[in-house]
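Just so it is clear, the structure is predicted and the values come from calculations on it, not from any experiment.
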There are 2 protein chains.
Amino acid sequence: MTDAPARAAKRASLSMEAVVSEAVALLDEAGDQAFTFRALASRLGAGVGSVYWYVSNKDELLDRASDHVLEDVLAATEHLDGADPIEDARAVAVTLFDAIVQRPWLAAYFMRDVEQQPNALRLFDRLGRQIMRLDLTPRETFDAVSAITGFVIGTAADLSQQPPQAVRDGKISAAQQLDDAVAQWRALDPDEFPFLHHVLDEFAGHDDATQFRAGLDLLLAGIRLKAGA
Amino acid sequence: MTDAPARAAKRASLSMEAVVSEAVALLDEAGDQAFTFRALASRLGAGVGSVYWYVSNKDELLDRASDHVLEDVLAATEHLDGADPIEDARAVAVTLFDAIVQRPWLAAYFMRDVEQQPNALRLFDRLGRQIMRLDLTPRETFDAVSAITGFVIGTAADLSQQPPQAVRDGKISAAQQLDDAVAQWRALDPDEFPFLHHVLDEFAGHDDATQFRAGLDLLLAGIRLKAGA
DNA sequence: ACCTGAACACCGTTCAAGT
DNA sequence: ACCTGAACACCGTTCAAGT
């Protein structure tokens with residue numbers, strides 16, 4: 001009698017889960033530059049205004065999307081009670097770093113609004129639990145955990161920065177871009193830039209992820225030293 | 001005979017220096033949210049399109065503005081040849097950190113496009129020169145300097161993030177906001193969040209700048225250890 | 001309760017026209 | 001060579017109207 005089912009498709013039926021998942025999918029496929037409410041609504045088969053029923057603005061949606069994605073990081077760091085707390089802390093840090101490299105848009109929203117981000121809090125606590133095992137004072141423990149978090153997010157954010165215009169346009173490759181930068185360093189006056197010349201070859205052959213690990217190890221060594229472990 | 005001088009004021013006379021200086025002034029006064037080409041042109045008494053004669057887009061202007069501001073940091077770290085290289089490296093790091101805290105918009109553009117940012121390169125080299133004195137291998141030296149830079153920028157960027165909506169609107173103070181966050185942590189299940197409860201009092205009384213220095217010291221301690229100095 | 005989409009108040013950027 | 005400002009192609013967000 002009624003043809004409601006046939007027409008039901010005309011009106012989108014959304015949910016917070018659908019909105020956030022689709023937001024993540026759009027961010028992953030197109031990057032944050034192309035992440036607009038119009039593009040998102042179109043993917044959802046909905047009107048532009050619909051999304052505002054679930055979130056009050058774009059920032060809140062990005063907060064939720066970034067927290068949603070942290071579930072993977074939490075799952076990958078579930079079982080960590082190895083003999084060495086520092087090793088376990090390193091595992092959490094590296095997993096988080098890799099997640100941000102894969103999703104550059106994460107860096108800017110991680111732990112930005114903790115009320116909307118329970119997973120960020122869980123991850124922070126998980127890292128903290130490892131450092132707690134070092135028997136530092138609460139203050140030292142808090143500072144160490146904050147330092148690790150800051151280093152991971154900061155370094156990842158730096159690396160996941162939008163590449164220069166020329167690379168984005170596909171005019172030159174990323175490798176070519178590094179070569180150009182090396183050539184630019186080499187052309188500088190060695191007396192004015194002794195350090196740059198000193199590390200020129202290292203710069204030319206460096207890998208971002210490896211360099212991140214090296215830096216993380218320095219920080220963890222400092223923490224271990226403080227703990228006297 | 002000619003009234004050209006009297007009418008000359010009608011047409012703006014710009015320069016790269018004027019454009020970049022005014023951009024910095026606008027950023028300092030109004031923040032990056034309010035930094036638009038229309039606002040900038042208005043301050044310059046010029047048309048909207050004029051700025052495009054000097055820079056090819058907004059990103060390039062921000063790159064130049066951030067580098068312009070680094071002159072202050074360079075001036076403040078001019079004479080550094082103390083007995084302890086680590087102490088000198090710390091001085092550079094702290095000065096850069098403070099500069100970013102004062103100008104939150106700096107973090108996102110520091111060393112983003114090195115071709116347009118000679119001062120960033122100079123500062124990076126200055127920090128590197130201190131670490132060179134530790135007689136590490138070139139690779140270790142490069143990694144250590146990159147780690148320090150990443151930590152400073154990352155931590156500063158994190159802290160200089162836009163405060164939550166409620167604080168921005170002036171509905172609640174920053175201190176009140178911290179109290180709220182503390183209350184939120186306290187309400188969490190202690191079995192699920194043991195670390196957060198462990199450091200609750202530290203969180204409540206923490207100061208961002210002090211915490212940054214504590215983290216920096218941990219990293220520098222790791223570097224010193226590696227250098228065997 | 002939830003969804004629609006036109007409308008509003010902005011943006012960055014371009015470019016033909018001016019001086 | 002340098003500056004103008006209307007015009008273009010977008011945005012996020014609102015809200016009266018619908019279901």
Checklist outcome for this item: Applying the Watson-Crick and G-U criteria (both distances under 3.5 angstrom) with [ ] for crossing and | for other-strand pairs, one obtains for DNA chain D ||.|||||...|||||.||
Checklist entry - Hey, is the main chain of B:Asp63 close enough, under 3.5 Å, to the side chain of B:Ser66 for a donor-acceptor pair? => result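 Yes, B:Ser66 side chain to B:Asp63 backbone: donor-acceptor pair under 3.5 Å.
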Item to check | Sidechain-backbone polar pair: B:Asp125 side chain, A:Leu196 backbone, donor-acceptor under 3.5 Å | outcome: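 Side chain of B:Asp125 to backbone of A:Leu196: a pair is present.
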Next on the checklist: Run the salt bridge (Lys or Arg N to Asp or Glu O under 4.0 Å) test on B:Glu29 and B:Arg43 for me, step by step, so that the C-alpha distance in whole Å, both residues' side-chain angles and the decisive distance to 0.1 Å come before the verdict.
Outcome noted: CA-CA 12 Å; B:Glu29 287 174 32; B:Arg43 284 181 71 112; 3.1 Å; yes
Checklist entry - Quick one: do the B:Gln176 and B:Asp180 side chains pair a donor with an acceptor below 3.5 Å? => result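 Yes, B:Asp180 and B:Gln176 have a side-chain donor paired with an acceptor closer than 3.5 Å.
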Checklist entry - Any chance the side chains of A:Asp143 and B:Gln211 put a donor and an acceptor closer than 3.5 Å? => result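 A pair is found: one side chain offers a donor N or O, the other an acceptor, under 3.5 Å apart.
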Checklist entry - OP1, OP2 of C:dC3 versus side-chain N and O of A:Trp53: anything below 4.0 Å? => result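 Looking at the OP1 and OP2 atoms of C:dC3, neither is under 4.0 Å from any side-chain N or O of A:Trp53.
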List every contact pair, protein side and nucleotides 9-13 of chain C side both N or O, where the distance is under 3.5 Å.
from	atom 1	to	atom 2	distance (Å)
C:dG12	OP1	B:Lys58	NZ	2.6
C:dG12	OP2	B:Phe37	N	3.2
C:dG12	N7	B:Arg38	NH1	2.8
C:dG12	O6	B:Arg38	NH2	2.8
C:dT13	OP2	B:Tyr52	OH	2.9
C:dT13	OP2	B:Lys58	N	2.9
C:dT13	O5'	B:Tyr52	OH	3.1

Checklist entry - What about A:Phe195 and B:Phe124, are their ring centers closer than 6.0 Å? => result yes
Checklist entry - In whole angstrom, what separates A:Leu44's CG from C:dC3's C1'? => result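 Distance, rounded to whole Å: 12 Å.
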Item to check | Gap between atoms CG and C1', on B:Leu14 and C:dT19 respectively (whole Å) | outcome: 14 Å
Checklist entry - With a 4.0 Å cut-off, would you call B:Asp32 and B:Arg103 a salt bridge? => result no
Checklist outcome for this item: Result for side chain to side chain contact (heavy atoms under 4.5 Å, CB included) between A:Phe110 and one of A:Asp67, A:Thr149, A:Val152 points to A:Thr149
